Number of protein chains: 2
Amino acid sequence: MELDERKCKILQAVIRNYLETGEPVGSRTISKYTDLNLSSATIRNEMSDLEEMGYIIQPHTSAGRIPSDKGYRFYVDTMLEEKEREVDELKGLLTQKDEKMDTLLKRVARVLAANTNYAAMITAPQYRGNKLKFIQLSRVDARQLLAVIVVEGNVIKNTILNVDEMLDDETLLKLNILLNTHLNGLSIEEINLAMISALKQQAGIHSSIVGEVIDAVAEAIKSDEDLKIYTSGANNILKYPELTDNREKASELINVFEEKQTLTELVSENLADENGTGIQVYIGNEMPVQSMKDCSVVTATYELGEGMRGTIGIIGPKRMDYDKVVGTLKTLMNQLDTLYHKEE
Amino acid sequence: MELDERKCKILQAVIRNYLETGEPVGSRTISKYTDLNLSSATIRNEMSDLEEMGYIIQPHTSAGRIPSDKGYRFYVDTMLEEKEREVDELKGLLTQKDEKMDTLLKRVARVLAANTNYAAMITAPQYRGNKLKFIQLSRVDARQLLAVIVVEGNVIKNTILNVDEMLDDETLLKLNILLNTHLNGLSIEEINLAMISALKQQAGIHSSIVGEVIDAVAEAIKSDEDLKIYTSGANNILKYPELTDNREKASELINVFEEKQTLTELVSENLADENGTGIQVYIGNEMPVQSMKDCSVVTATYELGEGMRGTIGIIGPKRMDYDKVVGTLKTLMNQLDTLYHKEE
DNA sequence: TGTTAGCACTCGAATGAAACGAGTGCTAAT
DNA sequence: ATTAGCACTCGTTTCATTCGAGTGCTAACA
């Protein structure tokens, strides 16, 4: 069977209406809602076809229709008409750049959640492929060294190293120079085994320390920051009955937002395969996570230059207002972009 | 009217029973439940008295009684019989100390939540009154200085300072020495204006930098860490119907756990006035926060020596198992204490 | 041949009456 | 002082009924 224009229009009408009301929508509603001037009977026939083709579903015999995952998918892929959205709050929000990244991200999430009435998440930008800018060892205590590592983009990491041997000031200075001259400007991927052993050799009796420092560098850069996800508006989820019609489901969802592990997986999967616009939509069972099978997630990748890249996501029910969400995210992307290039 | 022993026993029985079932408890239940050997009729009379005295409440005419806030309060103050509790998981949990504080706290919260079936929160220890151990300025960029500040207890803070003037290596070294010799071993409170201006004077033309560093020190130490609260098990809240019988309430509560602001206030209030054991119980309307008026919170103060002190809290419905919670918290306190002193 | 009016049918939701039962308060007997 | 007994209350459960939104099908129509 063919998906002709009329069927499209009807499908669209069904979805639009369902997005608004959350109730199954019947033929009579459509017949008035659209400008097709068709009677409810005709619509019924068409809807029957659409159901057969798998775009819509009848929850029970005498109810209207609701979109299936396939229907949503079709809608998202072909029928979105993006209204230009203004996210007023965001403008002011992003102009004070000197804030802590922490606070900023948290606030972006909050504004997104408040604006959309869905839940929002945002990851801290990752610095993959970024280069070391500065390393320094300092003695803090008799047996403790402080290693400070600065990565491009002014991300600072530090670790305390416990050492067995005493180091005098001079040795420390030498070590610092050694580390800096050899490692600065390199990305993590570029620090390989050969290089490490060369360094160790040069360090002579202090080779064990060099090893520890390098471990610390690797550890510091990969851990921590990259799984940091900020969320906001988890409570919005409770607003949608279809997501919380039993305690079990609600509890699982809330848990997803508290233990951010699941979200992390979602995001990293998203970062892997990327399409043109950087905006991606997961609908229901397309989600890799079982507990979110009644949700949809719209994710977008933002970029702050220097390869600093993070992900923003909106999580809501399948009947979320895709138009609005995609629009909002695009606006936000633009503003982040503008912001970055202005400050450059 | 007098609260004689029999009334006490009955009140206790009512509360115990209600804690278990969550249902209003009737006179017949009590008459069997207790070892008083009284008929339901007698119990009824006594319960009628207890109601008049404000310890229990009848939700509607033909229902059993449930404890009032006053009843709970009486129970908590006088009737808790603490069973010694073993929190097995915690033992192993705390033995790997070299973990990141972050992870540790998060995990403690998680174990607490899982153990109690309520929600748990824990604040990072605060370092009030702690002393500076180490300060270092390093040049990262032509116009950027990295200030690293280590505080007793090996808490590390860092900030990037943007500077206008170029500094050569020698000046930097001098500044470092200056800062360290003057500031090390001082607590924030001890760094006063007189000292700052003295420092500035010695720094000569670089006085503005000294000012900035001191600001950064102050800023770094007070901000951030002290409002960090880790929570776990917010979804447990959803298990208790009385907390989530309407969407509004549920949403507000979940929000409390996501925007941790409210919890912060609760905790700081708790830190202010402290009683003997360090354990404190808030019941229902005793809570300073309206949105938690159907909850109870049990908080405990933990100490890691060196004046590092934080708060742990369990949040649940008013009918939470106070015995168990208080016991669990005490055990945990002990273990934290032992842990610290062993490692000392 | 595509569209539509009409109609019987389905089934969840809303309504309401009745029965149930857990619990109370009161009174009178022990 | 305690208790058995009983009438009464009131939320909950159950069941039947009605209601109505919506469907599918058929026959008539343009």
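Predicted model, so just to flag it, every value in this text is computed and none were measured. Order of the sequence lines fixes the chain letters, A, B, ..., with proteins taken first and strands second; residue numbering starts at 1 for each chain.
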Strictly under 3.5 Å: I want the nitrogen or oxygen pairs between protein and nucleotides 1-9 of chain C, one per line.
unit_1	atom_1	unit_2	atom_2	d
C:dT3	OP1	A:Arg6	NH1	2.8
C:dT3	OP2	A:Arg6	NH1	3.4
C:dT3	OP2	A:Arg6	NH2	3.2
C:dT4	OP2	A:Ser39	N	3.2
C:dT4	OP2	A:Thr42	OG1	2.7
C:dG6	O6	A:Arg44	NH2	3.3

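Rounded to an integer number of Å, the gap from NZ of B:Lys7 to P of D:dA1 is 11 Å. Regarding A:Gln58, its CD atom lies at a distance of 11 Å from the P atom of D:dG22, rounded to whole Å. The NZ atom of B:Lys32 sits 17 Å away from the C1' atom of D:dT3 (whole-angstrom rounding). What separates CZ of A:Arg28 from C1' of D:dA21 is a distance of 10 Å, to the nearest Å. With rounding to whole Å, A:Ile66 atom CD1 is found 15 Å from D:dG22 atom C1'. Atom CG in A:Asn17 sits roughly 14 Å away from atom C1' in D:dG22 (whole-Å rounding). Distance CG (B:Asp49) to P (D:dT2): 12 Å, rounded to an integer number of Å. In this structure, B:Ile30 atom CD1 and C:dG23 atom C1' are separated by 13 Å, rounded to whole Å.
Annotation: side chain of B:Tyr240 is in contact with side chain of B:Arg319 (closest heavy-atom distance under 4.5 Å). Side chains of B:Ile229 and B:Thr264 form a contact here, defined as non-hydrogen atoms less than 4.5 Å apart. Put simply, the side chain of B:Leu329 reaches to within 4.5 Å of the side chain of B:Ile314, judged on heavy atoms. With contacts defined as side-chain heavy-atom distances shorter than 4.5 Å, the pair B:Pro67/B:Ile57 does not qualify. A:Glu258 has its side chain out of reach of B:Glu258: every pair of non-hydrogen atoms, C-beta onward, lies at least 4.5 Å apart.
Figure legend: cation-pi geometry between B:Lys106 and B:Tyr230 absent, as NZ or CZ is not positioned both under 6.0 Å from the six-membered ring centre and within 45° of its axis.
Between D:dG22 and A:Arg65, no contact under 4.0 Å exists linking OP1 or OP2 to a side-chain N or O.
A:Asp69 has no carboxylate O lying under 4.0 Å from a charged side-chain N of A:Arg73, or vice versa, which leaves the two without a salt bridge.
In this model, a donor atom of one side chain and an acceptor atom of the other lie less than 3.5 Å apart for B:Ser296 and B:Tyr322.
In the helix from C:dT1-D:dA30 to C:dT30-D:dA1, the rotation axis of the first five pairs and that of the last five pairs differ in direction by 20°, rounded to 10 degrees.
Side-chain atoms of B:Ser62 come within donor-acceptor range of the base of D:dT9, with a qualifying N/O pair under 3.5 Å.
Here A:His60 contributes atom NE2 and A:Ser62 contributes atom OG; the two are 5.5 Å apart, rounded to the nearest 0.5 Å.
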